Amino acid sequence: MRSVSIFGSTGSIGESTFDLLMRAGGPTAFRTVALTGWRNVARLAQQARALRAEFAVTAYADCLPALQDALAGSGVRVAAGPAAILEAADRPADWTMSAIVGAAGLAPGYRALRHGGTLALANKESLVSAGRLLLDEAERHGATIVPVDSEHSAIFQALRGEDPAAVEAVTITASGGAFRDWPLERLARATVAEASVHPNWAMGQRITIDSASMFNKAMELIETHVFFGLPSEAIGVVLHPESLVHALVTFRDGATIAHLGPPDMRHAIGFALHWPARGHLKLPRLDLAAAGRLTFATPDPVRYPALGLAREVMAEGGLAGAAFTAAKEAALDAFIEGTIRFTDMAAVVAEVLARLSGSSGLGIAPASLDNVADMDREARRLAMDAARARGQD
Ligand code: NAD
Ligand code: MG
């Protein structure tokens, strides 16, 4: 029986993963080693009972008594706090879903690679901040990273059986987010509630806001660069409001292979779950006649400055990705808290990159997760300073 663990099992990706595991037979088909969540311990406990998990962890230490109560008599071992999340990652599993949001997702995914199994990687901060370290660790232990983002899963699938050297270019699509059609001058007044609604995808709040600002697509550009080893110039972004084409790969003979599917993350998660086989998934199917038309356009760099910042990060390399994600997270926090405006997020990140550029070893490749954590702290501090300064304007 295959053993599985889910990090961030109560989130949007985590719930979809849980759903797929249950549909595929739940505890009769999988041995669930560990499930982790944060404050929603009631839901975490339900999932742990349903999958008969061996270990359930809340990252939030104060929630331990509530989790203990909810799982009393179940036989599920419980623990709390960031160290317990790592303990969960140290328990060997054949297949691990990395779906914690933010920088907190990096260490558990990295640790899970030691088991040499499959890491289904949804946490995009991991590849952006420490991609090379992850890829090297996977190679050291014979582990496979299967990307779980619609775009990267699409590229991964389009490349199956192809010679990577024959790839000329890759294009990832972007819906354009909540403010695609807003007049530019209105963006500065966009509220958190307005930014938290996605036209096509149901996702966690943070990634939904990142879709409106295209920081999400910026992260995906960097992920594509790192994971598939492609230069920045070979990776393009095209606006595609229907979100049905996820990515396209163009080969040196001029052929382009596109991956299409309904905007439902269970397709990418299900692909990773059954990889290298193809599962039999009863999920929505693509209906092109119902869609009617597929449209594409070039994203406006003024509306989406995050895309230009991603290009800077790829040019700099090294720890620039770690600085970028950390500054972006701090800027996003400041926007959600109401300190800065929607349009200030990109300005804050640009300021942090400019301040770090040419100093602090920004372009130096990290040798360990500690280097990444140090850069993360420094970039967050600078971003919070920059956000406070803007907030006072
Ligand atoms: P979410 O906010 O819905 O869920 C996040 C999960 O992480 C929850 O289980 C939460 O309890 C847990 N968590 C939050 N803070 C934590 C902390 N400090 N320590 C430990 N656990 C913590 O997020 P999501 O939308 O499911 O996204 C998860 C990751 O997958 C993100 O990195 C996101 O960018 C990426 N991703 C999401 C989608 C999507 O469709 N939702 C698509 C592609 C990639
Ligand atoms: Mg995506």
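None of the values given here were measured: they were computed from a predicted structure. In listed order, ligands and their atoms are each counted from 1.
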| said: If we count only N and O atoms by modelled type, under 3.5 Å, do the side chains of Thr325 and Glu125 hold a donor and an acceptor together? | reply: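 Side-chain D/A pair, Thr325 to Glu125: absent.
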| task | State whether a side-chain donor-acceptor pair under 3.5 Å links Glu194 with Thr191. | result |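 Side-chain D/A pair, Glu194 to Thr191: present.
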| query | Under 4.0 Å between a Lys/Arg side-chain N and an Asp/Glu carboxylate O for Glu351 and Arg390? | reply |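 Yes, charged N to carboxylate O under 4.0 Å.
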| query | Below 4.0 angstrom, N of the basic side chain to O of the carboxylate: do Arg31 and Asp94 qualify? | reply |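 Between Asp94 and Arg31 there is no salt bridge, as every charged N stays at least 4.0 Å from the carboxylate O atoms.
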| Can you name the residues that come within less than 4.0 Å of ligand 1, going by heavy atoms only? |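 Only Gly8, Ser9, Thr10, Gly11, Ser12, Ile13, Gly37, Trp38, Ala59, Ala99, Ile100, Val101, Ala104, Ala122, Asn123, Lys124, Glu125, Val148, Asp149, Met203, Gly204, Ile207, Met265 have heavy atoms that fall under 4.0 Å of ligand 1, ordered by chain and number.
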| Taking all non-hydrogen atoms of both residues, which atom of Tyr304 and which atom of Pro299 are closest, and how far apart? |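 Nearest pair, atom of Tyr304 first, then Pro299: CD1-CB, 4.1 Å.
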Out of the N/O/S atoms in [X], what is the name of the one closest to the Mg ion (ligand 2)?
X: Glu151; result: OE1
X: Asp149; result: OD1
X: Glu220; result: OE2

| field | Distance in Å, Leu273 CG paired with Thr118 OG1, rounded so as to fall on 0.5 Å steps | value |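 Leu273 atom CG to Thr118 atom OG1 measures 9.5 Å (nearest 0.5 Å).
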| query | Once the angle between the rings of Phe324 and Phe215 is folded into 0 to 90°, is it parallel (under 30°), tilted (30 to 60°) or perpendicular (over 60°)? | reply |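 If you compare the ring of Phe324 with that of Phe215, the planes turn out tilted.
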